[in-house]
There are 2 protein chains.
Amino acid sequence: MKKRVNELTGVKEIARRANVSIATVDRVLHNRKGVSKQTKEKILGIIEELNYEPNLLAQRLASRKILRLATLIPEISKETSFWDAPLKGIEQADKEIKQFGIIIDKYFYDQNKIESFVEQTKIILESNPDGILLAPSFIEESVRFTEKCRELNIPYVLIDSDLPNGGSLSYIGPNLYHSGYLAAHLVSYLIKNGEKILIVNISREIDNHHHLLKKEEGFRAYFDKHKKSDNILKIDIRDTDLKSIEKYLSNIFTEHNDIRIVFVTNSRVSKVAHFIDSSKKDVILIGYDFLKENIEYMDKGIIDFLVCQKPKQQGYRGLISLYQHLAFSSPIEKIYFMPIDILTKENSAFYRN
Amino acid sequence: MKKRVNELTGVKEIARRANVSIATVDRVLHNRKGVSKQTKEKILGIIEELNYEPNLLAQRLASRKILRLATLIPEISKETSFWDAPLKGIEQADKEIKQFGIIIDKYFYDQNKIESFVEQTKIILESNPDGILLAPSFIEESVRFTEKCRELNIPYVLIDSDLPNGGSLSYIGPNLYHSGYLAAHLVSYLIKNGEKILIVNISREIDNHHHLLKKEEGFRAYFDKHKKSDNILKIDIRDTDLKSIEKYLSNIFTEHNDIRIVFVTNSRVSKVAHFIDSSKKDVILIGYDFLKENIEYMDKGIIDFLVCQKPKQQGYRGLISLYQHLAFSSPIEKIYFMPIDILTKENSAFYRN
DNA sequence: AATATATTCGTTAACGTACCCGTCTATCAG
DNA sequence: CTGATAGACGGGTACGTTAACGAATATATT
């Protein structure tokens with residue numbers, strides 16, 4: 001059924017009722033000067049009464065503004081394809097809001113090279129964007145960068161991990177501590193008395209990436225609280241190639257033959273899975289992230305649980321938030337923790353990253 | 001904020017290049033008659049070349065159409081607040097697309113009264129809507145209703161459970177079988193040899209609601225496959241008041257004192273939790289749905305796991321799909337299975353329904 | 001040949017908002 | 001009283017698309 005809309009609403013109606021032109025109504029709507037106090041109040045009254053809401057379509061259409069947003073995230077490396085997902089989210093958001101007059105410039109840095117990060121931030125600042133989406137892997141450098149953004153009045157949204165200095169328009173990402181805590185809770189169902197738990201950190205920059213540290217902290221906190229922290233082992237592996245990783249693991253497994261649960265604090269869990277698989281250990285393996293290689297090991301039954309936090313959504317949502325803030329001054333949630341999703345062999349096929 | 005770029009795109013540019021008026025371009029864009037084959041092909045060529053994408057804003061703004069959608073879901077009862085979530089999703093979608101010229105009429109039926117369902121479907125058909133969102137609790141009646149919809153050429157989207165006759169624009173909801181299968185997989189981690197599993201179905205209409213049946217089927221299938229189905233008990237409870245439920249449970253628990261896992265096939269799990277809590281049984285309890293009362297028992301440690309399928313999203317997504325189909329003839333996924341989310345005490349606070 | 005009918009196409013006014021530019025009025029200094 | 005100035009306001013066009021209406025031309029019918 002296709003009928004005509006004939007609502008008596010909108011600026012035109014307001015203008016009619018107030019006996020002014022729509023231009024005047026427009027002025028008070030945007031809080032611009034050039035309207036007498038009297039008229040302004042009258043118009044505001046009518047707006048209230050009609051409880052007028054601007055037509056977003058017409059608003060965007062008529063606006064000749066164009067917004068330029070910049071995104072800065074790690075490049076997709078051979079080591080991990082994790083950042084592929086946020087990028088997909090960014091691209092989807094790009095596609096959706098492109099026609100609303102939004103231009104998105106994507107920048108990338110090498111997660112193993114601080115310089116590359118700093119370099120990109122400089123380029124971004126020179127381009128003077130209207131808003132920035134940032135994955136702040138390097139804490140100090142990111143803090144410095146965001147401080148400059150604030151000086152320049154450029155709003156920014158953080159994804160994947162937060163920064164200690166506040167001031168972002170929004171943080172969209174995991175609560176790392178709780179994600180570790182949850183993993184521990186899961187483990188508590190799976191372990192029996194006397195069995196040992198092994199925490200595995202794999203990263204070239206373990207101490208710079210609070211991601212790992214926070215997760216481990218949450219994980220341990222659970223067992224501390226339940227007074228069962230004495231059977232937890234841990235190993236830090238600072239080489240990310242398969243051979244080194246397997247060597248380290250092999251060592252610790254010969255040293256302790258009663259390890260029953262292995263908790264890998266990031267997406268590198270597939271490499272541990274490779275070791276477990278080839279050495280035919282009977283352990284429960286828990287790790288992070290919905291990556292192709294991880295899912296394969298889950299389907300094979302080597303990885304038992306994966307904890308995921310919708311990385312694609314993070315990229316998508318981050319951009320949409322920036323857009324809504326800049327285009328409509330919509331209020332944005334200051335902290336948006338992503339759900340902590342638990343994946344197993346039996347529900348991963350239905351997962352939406 | 002910079003000035004707008006003067007892109008040479010849009011119907012106007014196409015018309016200019018093809019030496020026709022925009023009206024003609026519009027005709028071929030909408031595949032309407034009244035254009036010679038020659039002109040049509042020429043214009044299509046230019047559209048291709050420019051790879052033109054219509055401006056959705058302008059499109060909706062200029063369209064004087066108004067679409068009327070109807071939704072039919074169970075009313076929120078004292079027995080379960082489950083349907084509160086889809087309703088919230090519907091309301092959110094309503095809010096978002098209202099200004100695009102969409103009117104949404106909400107209808108409700110009593111899940112315990114087939115007549116109320118039939119009655120509402122009649123009213124809906126009389127109102128002759130452009131599209132329908134339906135939660136088809138009663139299979140036969142729903143099949144009859146949807147068949148009428150198809151005769152009348154009214155597209156409909158199903159949520160929460162699918163129908164056997166196909167023909168819907170889309171099904172958005174759980175894969176019930178797999179959700180049961182997943183629960184069984186979880187249980188397999190939690191159970192030890194010799195311990196018993198109890199399946200609990202609670203509903204006044206157990207045989208009409210394939211929801212329960214399908215879940216149980218999936219649950220059992222897992223254990224059949226892994227040759228461990230001999231320790232599964234089951235109880236059907238056709239009264240939904242707390243007292244009756246507790247009586248039945250009490251009976252079966254005295255009969256079998258080695259029940260270690262209880263799997264409740266729907267959101268009524270909180271009533272089982274009440275029994276477990278007050279009778280101080282030491283069992284692992286698994287059930288369905290993110291309801292306030294369920295979460296409370298999870299926080300208390302009585303319910304261990306809840307399986308959820310984003311009911312709010314189902315309502316939201318269903319309406320958005322209808323809208324996109326009707327307004328833009330966008331292609332819609334014929335089957336959109338919701339993720340099978342696992343909630344525990346430690347991640348429920350971050351869940352988005 | 002005259003008329004009717006079909007086919008193909010263009011003109012134009014919306015849709016609701018943004019904002020440039022110009023006009024009008026009041027006030028005030030000189 | 002004149003001219004300048006600033007504040008208050010309206011007119012009008014643009015944004016990209018839709019679609020009603022009608023004009024122009026071609027084809028069929030009598």
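We use all heavy atoms of the structure for the numbers below, so side chains are in, but hydrogens, waters and symmetry mates are not. No experiment lies behind these values; they were computed from the predicted model shown. Each chain gets a letter, A, B and so on, in the order its sequence line appears, and its residues count up from 1.
- Going from atom CG of Leu57(A) over to atom P of dT18(D) covers 13 Å, rounded to whole Å.
- When each of Ile97(B), Ile104(B), Asp130(B) is paired with Tyr323(B), the side chain to side chain contact (heavy atoms under 4.5 Å, CB included) condition holds for Ile97(B) and for no other.
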Protein-nucleotides 25-27 of chain C N/O pairs closer than 3.5 Å?
none

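- Judged by distance alone, the side chains of Tyr336(A) and Ser321(A) never bring a donor and an acceptor atom under 3.5 Å apart.
- Within the model, atoms NZ of Lys310(A) and OH of Tyr351(A) stand 4.0 Å from one another, a figure rounded to the nearest 0.5 Å.
- Annotation: side-chain contact (heavy atoms from CB on, under 4.5 Å) contacts of Leu56(B) (sequence neighbours excluded): Gln99(A), Gln59(B), Phe328(B).
- Under 4.0 Å is where a charged nitrogen must lie from a carboxylate oxygen, and between Glu147(A) and Arg144(A) no such pair does.
- Residues satisfying the salt bridge (charged side-chain N to carboxylate O under 4.0 Å, His left out) criterion with Arg352(A), sequence neighbours excluded, are absent altogether.
- Summarising the geometry, the separation between CG on Asn31(B) and P on dA19(D) is reported as 14 Å, rounded to the nearest angstrom.
- Partners of Tyr52(B) by ring pair (Phe, Tyr, Trp, His ring centres under 6.0 Å), not counting sequence neighbours: none found.
- Rounded to whole angstrom, the span from the CG atom of Asn55(A) across to the P atom of dG16(C) amounts to 7 Å.
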Between protein and nucleotides 18-23 of chain C, map the contacts as a letter string: B base, S sugar-phosphate only, - none, heavy atoms under 4.0 Å, written 5' to 3'.
SB-B--
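- In this model, the phosphate group of dC9(C) is approached by a side-chain N or O of Ser36(B) to a distance below 4.0 Å at OP1 or OP2.
- Each end of the helix from dA1(C)-dT30(D) to dG30(C)-dC1(D) gets its own axis from five base pairs, and the two axes differ in direction by 60°, given to 10 degrees.
- Using a 4.0 Å heavy-atom cutoff across all strands shown, Gly34(B) reaches at least one base atom of the nucleic acid.
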Side chain to side chain contact (heavy atoms under 4.5 Å, CB included), that's the test. Do Leu50(B) and Glu13(B) meet it? Break it down for me.
CA-CA 9 Å; Leu50(B) 248 39; Glu13(B) 172 66 11; 4.0 Å; yes
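- Regarding contacts with the backbone of dA6(C), every side-chain N or O of Lys33(B) stays at 4.0 angstrom or more from both OP1 and OP2.
- Scored by the salt bridge (charged side-chain N to carboxylate O under 4.0 Å, His left out) test, Asp26(B) finds Arg32(B) as partners (sequence neighbours excluded).
- Here dG12(D) presents its C1' atom at 13 Å from NZ of Lys12(A), a figure rounded to the nearest Å.
- Within residues 42-49 of chain B, no residue is approached by DNA chain C to less than 4.0 Å at the level of any non-hydrogen atom.
- Taking Gln92(B) as the reference, Glu96(B), Lys312(B), Tyr316(B) meet the side-chain contact (heavy atoms from CB on, under 4.5 Å) condition, with sequence neighbours excluded.
- Between Glu53(A) and Val35(B), the residue whose closest nucleotide on DNA chain C is further toward the 5' end is Val35(B).
- Listed by chain and number, the residues in a side-chain contact (heavy atoms from CB on, under 4.5 Å) with Gln309(A) are Pro174(A), Ser179(A), Gln314(A), Met338(A), Ile340(A) (sequence neighbours excluded).
- For the side chain to side chain donor-acceptor pair (under 3.5 Å) test, no residue two or more places apart in sequence or in another chain qualifies with Asn19(B).
- Side-chain nitrogen and oxygen atoms of Thr24(B) include at least one within less than 4.0 Å of the OP1 or OP2 phosphate oxygen of dG10(C).
- Remark: P of dC15(D) and CD of Glu13(B) are 13 Å apart, rounded to the nearest angstrom.
- We find that CG of Leu61(A) is positioned 9 Å from P of dC15(D), with the value rounded to whole Å.
- Looking at residues two or more places apart in sequence or on another chain, you find a side-chain contact (heavy atoms from CB on, under 4.5 Å) between Thr24(B) and Val20(B), Ser21(B), Arg27(B), Val35(B), Thr39(B), Ile43(B).
- Between the side chains of Thr146(A) and Asn165(A), at least one donor N or O sits under 3.5 Å from an acceptor N or O.
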